[in-house]
There are 2 protein chains.
Amino acid sequence: MNSNCATCPVKDSAACSVLTEEERNALASAGRTRDLKRGEMLFAAGDEDAACATLVTGALKVSAIDRDGNEQILALVHPSGFIGELFSPFAHHDVVALTNSRLCTFARKDIERAIDEFPSLARALLRRSQEDLLATRGLLELNATADAETRLAALIHDFAAAASHTSCHLASEFELPLTRGEIANMLGLTIETVSRKLGEIEDNGAIKRKGKRGIEIIDPALLQVLSGRQAAQA
Amino acid sequence: MNSNCATCPVKDSAACSVLTEEERNALASAGRTRDLKRGEMLFAAGDEDAACATLVTGALKVSAIDRDGNEQILALVHPSGFIGELFSPFAHHDVVALTNSRLCTFARKDIERAIDEFPSLARALLRRSQEDLLATRGLLELNATADAETRLAALIHDFAAAASHTSCHLASEFELPLTRGEIANMLGLTIETVSRKLGEIEDNGAIKRKGKRGIEIIDPALLQVLSGRQAAQA
DNA sequence: CGCATACTTGACGTCATTCAAACCGTGTGG
DNA sequence: CCACACGGTTTGAATGACGTCAAGTATGCG
């Protein structure tokens, strides 16, 4: 038996929010809550019958390891995000907690049954999958063309937007959820380049570093310009 | 009324293949066949109510244009692939025919209705969406870490695999569906680099160029090594 | 206190880009 | 038939951005 959905912080935004209370309870009885500490793995690439899950609190990374042992972060998962490859016999990627996290997990077969039983759930997962696709394509676009400083500025901008919960405004101060190494892996750069470019963005006056992980946004407009999302004014 | 599904070359592999004959006919009556010539656009980023479509024959590209006017190819679509952002009020990307193509198009609202009416269709589209996600992440992984030669070799390898239809073996000779410029856009390189590295791969003895677009695979194993998908033997 | 982990900084090398020019196949008009 | 222009491609040389290697500086934990 799962903990009570009524107090779940993502009850109105997760995929299961499209279900009626009755349907959700049926699904919840098949799932179970699981807590992961920072660095703990939900499943690894190659795992069979990897579980599916909705992230309740915390943050996860989805990453691939190539044969040289380099990690490449492919996606971040935020609360209410759904994890799991439903139609593949094994997982293609690793999924690891970036911070202490709480998930609502389901065996694959239970999710499959729920999809067949509740058409609205299939629709909700389709929607979420398309959003993931869009996010991944955004990262692809960023990594393919932009230079190191632009990529980093864009990432900081996204984190600032994600940290502020009022969707159209940036948080003025927040903690990076990733280490330098993870940022480098995500942007296809090296630790050193990330460190240097972070210094340059600080020198430009767009941000200020607060300790290792803290970032204060000094000039949001400048950050936006650096991130290449807006033309510089004349 | 759509042309007859019974003779459709992707009737057993497209998303609609999961429907019963009766259901499929109902859906088909809402759709219509459309032919695109090479270079013609299905829809552009920003279009509202962009149509959805299953690709019947040919090939499409999905691409984004950044504010500097650079195109970035985000995905290729092969026959039986599905195109369309179901839950977004407007399209995020351009979709353009790479070769003369035939599609089976549907108005957004007709697809949405069909999803609600036929749960198996929602499931099929979810599956397809997850495959797209996986493909995009593969491209992201490739572009982020690998050097130019590796990326190009991997792309050639993929095309050779796609051209052969016997899934585990490579076609020995095929035509590149992309121009040099499009390859460059897809891999985040420049035309010149693509041309040079193609020459180097040819010098290595892995392939042989036949005219502008033709490629003959001389040494599949070597190509695989160059593409970084297999360690070189000792 | 000492070690480990994460981060920063510097010097140098390499690979892809940039800019520039030549090349080639094709279609067009003289 | 040839001259020519044009798009796509190839090739060359120089620049520059990022990676590599290596040292040095915090911060935290046993």
Side-chain angles (χ1 to χ4, degrees), chain A residues 37-39 61 66 68-73 96 98-99 142-156 175-204 207-215 226 228, chain B residues 37-39 61 66 68-73 96 98-99 142-156 175-204 207-215 226 228:
Chain A
K37 291 208 199 327
R38 167 170 175 80
K61 65 177 173 184
D66 65 20
D68 306 335
N70 301 112
E71 177 184 30
Q72 167 65 33
I73 297 183
V96 173
L98 289 169
T99 65
L142 189 67
N143 281 3
T145 30
D147 64 12
E149 185 167 335
T150 304
R151 291 185 221 179
L152 193 52
L155 192 71
I156 293 170
E175 295 276 310
L176 288 170
L178 302 172
T179 66
R180 296 285 184 277
E182 285 164 341
I183 293 172
N185 284 337
M186 186 153 181
L187 299 178
L189 302 170
T190 59
I191 293 181
E192 295 93 326
T193 302
V194 170
S195 187
R196 269 187 266 271
K197 295 301 174 186
L198 212 46
E200 289 179 25
I201 293 174
E202 183 170 25
D203 293 344
N204 287 341
I207 65 167
K208 193 158 181 348
R209 282 182 284 188
K210 301 273 189 165
K212 287 193 186 306
R213 298 288 197 91
I215 296 286
L226 291 177
Chain B
K37 290 206 200 327
R38 168 172 173 77
K61 64 177 173 183
D66 64 21
D68 306 334
N70 301 113
E71 177 184 29
Q72 168 66 34
I73 297 183
V96 174
L98 289 169
T99 65
L142 189 67
N143 281 3
T145 30
D147 65 11
E149 187 165 333
T150 305
R151 290 186 221 180
L152 194 51
L155 191 70
I156 293 170
E175 296 275 311
L176 289 170
L178 303 171
T179 65
R180 297 284 184 278
E182 285 165 340
I183 294 172
N185 284 338
M186 187 153 180
L187 298 178
L189 302 170
T190 59
I191 292 180
E192 296 93 325
T193 302
V194 171
S195 186
R196 269 187 265 270
K197 296 301 174 186
L198 211 46
E200 290 178 25
I201 294 174
E202 184 171 23
D203 293 344
N204 288 341
I207 65 167
K208 192 161 183 343
R209 282 181 282 189
K210 302 272 190 167
K212 288 193 184 310
R213 298 287 197 91
I215 296 285
L226 291 177

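The analysis underlying the following values was restricted to heavy atoms, covering all of them including side chains, and did not include hydrogens, waters or symmetry mates. Each chain gets a letter, A, B and so on, in the order its sequence line appears, and its residues count up from 1.
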Expressed in angstrom and rounded to an integer, what is the separation of B:Leu198 atom CG from D:dT9 atom P? 10 Å

Measure the NZ-OG1 distance between A:Lys37 and A:Thr99 for me, rounded to the nearest 0.5 Å. 12.0 Å

Reported CG-to-CD1 distance for the pair A:Leu187 and A:Ile73, which is rounded to 0.5 angstrom: 9.0 Å

Polar pair under 3.5 Å, donor/acceptor by atom type, side chain B:Arg196, base D:dG12: yes

So how far is it from B:Glu175 CD to B:Lys212 NZ, rounded to the nearest 0.5 Å? 12.5 Å

To the nearest angstrom, the CZ-C1' distance between B:Arg209 and C:dG25 comes to 15 Å

Nucleotide C:dA11, atom P - distance to CD of A:Glu192 in whole Å: 15 Å

Closest-nucleotide mapping onto DNA chain C: is A:Ile191 or B:Thr193 further toward the 5' terminus? I mean the 5' end. A:Ile191

Heavy atoms under 4.0 Å, any strand shown: does B:Leu189 hit a base, just sugar-phosphate, or nothing? sugar-phosphate

Encoded 5' to 3' (Watson-Crick or G-U under 3.5 Å; [ ] crossing; | other strand), DNA chain C becomes ||||||||||||||||||||||||||||||

Where do B:Asn185 and B:Glu71 land on the side-chain hydrogen bond (donor to acceptor under 3.5 Å, both in side chains) test, with the steps shown first? CA-CA 6 Å; B:Asn185 284 338; B:Glu71 177 184 29; 3.0 Å; yes

How long is the line joining NZ of B:Lys212 and P of C:dC23, in whole Å? 14 Å

Any residue meeting salt bridge (charged side-chain N to carboxylate O under 4.0 Å, His left out) with B:Arg209, in chain and number order, not counting sequence neighbours: B:Glu202

Map A:Asp147 and B:Arg180 onto DNA chain D by nearest heavy atom, then report which one ends up closer to the 5' terminus. B:Arg180

Gap between atom CD1 of B:Ile191 and atom OG1 of B:Thr179 - 0.5 Å precision: 7.0 Å

Could you give the CG-to-C1' distance, from B:Leu152 to C:dA16, as a whole number of Å? 13 Å

Give a yes/no on whether any side-chain N or O of B:Lys197 is located under 4.0 angstrom from OP1 or OP2 of C:dC15. no

Touch check for A:Arg151, heavy atoms < 4.0 angstrom, all strands: base, sugar-phosphate only, or nothing? nothing

Could you check how far NZ of A:Lys210 sits from C1' of D:dT27, rounded to whole Å? 18 Å

Quick check on DNA chain D: between B:Gly181 and A:Gly211, whose nearest nucleotide comes earlier from the 5' end? B:Gly181

A:Arg213 CZ to C:dC7 C1': how many Å, rounded? 11 Å

May I ask you to decide if A:Asn70's main-chain N or O and A:Asp68's side chain share a donor-acceptor pair within less than 3.5 Å? no

Whole Å only: how far is the CG atom of B:Asn143 from the C1' atom of C:dA16? 14 Å

